[in-house]
Every structure is written in C-alpha cells, then in structure tokens.
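Working notes for the structure below.
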Amino acid sequence: MTIVVGYHPAKNGRATLELAALLARSGRAEPLAVTTVTPQHWTHSSTFKAGAEFAEWARRQGDAALDQARQYLADKAPDVPATFHQVAGRSAPAALADACDQEGGDLLVLGSAQDSRAGQVALGSTSEPLLHSSRFPVAIAPRGYRSHCAALTRLSCSFSGADSSHELLTAVAELSQRVGGALRIVTFGVRGRTMFPPEVGLHAEDMVLSQWSEQIRVEQKDALRELGADGLLPSSAQAVIATGSDWADAMNDIEWIHGEVLVVGSSALGSLARVFIGSRATKIIRSSPVPVLVVPGATTDRLADDLGAPEIDPA
C-alpha cells in the first residue's frame with residue numbers, strides 16, 4: 001500500500017506529514033507519496049511566453065514546497081520511505097484523486113483548514129469535496145497536529161449500532177490487532193435544546209437520553225460479544241458513550257490519548273464505492289480533537305488488509 005499525502009506548506013503541511021508518518025510506521029512499513037498541487041495555467045493564455053513563464057513559476061513553487069516536505073521528513077521521520085511529486089491542476093481535490101490513481105494509493109492524508117482552531121479538525125476547500133467523492137479512505141490531521149508517538153496507540157471506532165457500523169467495527173478491530181493498538185468503541189449522543197413544553201417536565205429529555213444510553217450499551221455489548229466470537233476482541237477493548245449539549249461537548253466527555261485516531265464510516269447514501277458523509281458524521285469530524293480516518297462503505301472490508309501488518313500464523 002502507498003499512502004498519498006496532500007502537502008501544502010501554508011496549509012497545515014507539517015501536521016499532515018506528522019499524521020502520514022504515524023500511519024506509515026503502524027503495522028508494516030508503508031511508503032509515502034508526498035504530493036503538492038501546483039496551479040495550472042489556462043490554455044488560452046494571451047501569449048505563449050506568458051504561459052511558459054507561469055508554468056515555470058508554478059514548477060518552482062512546487063519544488064520549494066517539496067523541498068520543505070523532504071527536509072521535514074528527513075529530520076522527523078528518516079525511517080519512513082517517501083517519494084515526492086508535484087501535479088498541476090485547477091482543482092486540488094481532483095488532482096489529488098488522480099495522484100492516488102497514478103501512485104497506486106490506498107489512503108489519502110490531508111490537513112485541516114488553516115483558519116481552524118489549533119488541535120481541531122476542520123474541513124476546507126480540498127478536504128470537504130474529497131469527503132464526498134473519494135474512492136479511498138481519507139485521513140485528516142487536526143491543525144498543528146504532532147503525534148508524539150512512533151505508531152498508532154489506539155483506534156476509536158465511531159459506532160451507531162447500524163449494520164454498516166458493525167462492519168466498520170469488525171474492520172477496525174482487525175486493524176487494531178495487526179498494528180498492535182488498543183481498540184475503543186465510541187457512541188456519540190447530543191442532548192439538544194429542551195423541546196418539551198413546561199407541563200411535560202424539564203427532565204423529559206434527560207429521560208429520553210437515559211433510555212437511549214441503555215439501548216446503546218446493549219448494542220455495544222452485543223458488538224463486543226460478536227468480536228469475541230470472531231477472535232477479534234483484545235483484552236484492552238473499551239466501549240464508551242460520549243454525551244454533551246453539543247458535539248464539541250460530547251467529544252470532551254471522554255479522554256483522548258497521543259497516537260489515537262478516530263475512525264468514521266461513510267453514509268450509505270451516494271455511490272457505495274465512494275465516501276459520502278452525512279450531517280452527523282460531519283459534525284463528529286469537525287469536533288474531533290484527534291486525527292480522523294473516514295472510510296467508504298465499499299472499502300470497509302479492505303481496511304485491515306490495506307493498512308495493517310501481515311497476519312502471522314500461530315505456532
């Protein structure tokens with residue numbers, strides 16, 4: 001597998017490289033294909049000379065960006081094999097998708113929007129379109145991200161109890177075993193504004209949330225039991241419910257550790273071969289304090305094979 005890294009020095013580039021190196025070191029060693037997108041001049045340029053000058057300027061910009069990426073990886077992750085590429089395109093999302101095809105990539109790593117808060121994931125003009133069209137899993141680093149770890153320490157799987165959520169959990173559990181990281185099942189719930197009239201009682205929503213939590217606990221236990229039956233349940237596995245008044249509050253309801261990644265499955269809507277994130281998944285992604293890996297439904301069964309280490313037959 002090759003991990004394609006969408007790199008731009010002015011757009012959270014170092015954080016993107018940090019996450020890519022963390023993923024590359026987890027499981028079997030994976031090569032990086034660091035790719036920067038340079039602007040493509042219009043074919044109807046008024047003069048050939050102007051077009052050639054623009055192309056040369058864009059090439060120099062790309063070379064400078066890749067030199068920065070090369071130096072950063074040489075200093076911070078000299079053990080990670082990497083190649084460096086620049087592609088010209090008027091659309092960065094389309095150019096990066098093409099780069100995945102050309103480089104045989106199975107995972108695309110991106111950074112957060114530059115105007116986001118430090119430590120938070122934020123979707124931008126490149127990542128948001130790809131999260132609605134990519135055929136490959138997409139990983140997004142929070143702004144200013146630093147891994148502080150040599151490899152993945154824990155995978156948290158966003159779990160709703162739906163059939164697709166069970167499929168994703170199975171793939172994440174397999175990946176957890178292969179990379180040696182801990183496994184956690186997380187279900188997020190948000191208590192909205194009070195919707196019941198005063199005569200019903202101010203605690204009506206608390207009762208609804210309590211009933212929902214009980215149902216989720218049963219579904220989580222059933223999921224853990226299924227993993228155990230398949231031999232995929234590590235002793236360190238946890239199941240937690242995170243609730244709050246909004247999505248950010250729910251994220252803060254549980255603890256997160258260095259080297260952790262939150263895995264989110266795509267919606268069943270749209271093409272099954274592509275990522276399509278619904279409003280709930282979008283809110284989870286935008287509130288995450290750790291890197292997020294978004295997986296298209298059709299590639300869920302390949303997740304562990306693509307990202308994990310080779311299976312070892314027991315002696």
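These numbers come from the heavy atoms of this one structure, side chains and all, not from hydrogens, waters or symmetry mates.
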Between A97 and F136, what is the shortest heavy-atom contact and its length? O-CE1, 4.2 Å
Under 3.5 Å, is there a donor on one side chain and an acceptor on the other for T35 and E103? no
Between D67 and R70, is there a salt bridge with N-O shorter than 4.0 Å? yes
Minimal heavy-atom distance between L23 and A139, with the atoms involved, is CD1-CB, 4.1 Å
Could you report the tightest heavy-atom contact between L227 and A173, atom names first, then the distance? CD2-CB, 3.8 Å
Just by distance, with hydrogens left out, do S112 and R143 show a side-chain donor and acceptor under 3.5 Å apart? no
Residues A95 and V87: closest non-hydrogen pair is CB-CG2, 4.0 Å
Restricting to non-hydrogen atoms, name the atom on Y145 and the atom on E18 that form the minimum distance, rounded to 0.1 Å. O-CG, 3.7 Å
Show the nearest heavy-atom pair for residues Q114 and N12, with the distance to one decimal. OE1-N, 3.1 Å
Using 4.0 Å as the upper bound for N to carboxylate O, is an ion pair formed by R60 and E56? yes
Could you check L32 against L73 for side-chain contact (heavy atoms from CB on, under 4.5 Å), going step by step and ending with a plain yes or no? CA-CA 10 Å; L32 302 182; L73 287 175; 4.2 Å; yes
Nearest 0.5 Å, what's the CG-CD distance between L224 and Q220? 7.0 Å
Any sub-3.5 Å donor-acceptor pair from S158's side-chain atoms to V264's backbone N or O? no
L233 and E226: side-chain contact (heavy atoms from CB on, under 4.5 Å), yes or no, with the steps? CA-CA 9 Å; L233 184 63; E226 291 176 6; over 6 Å; no
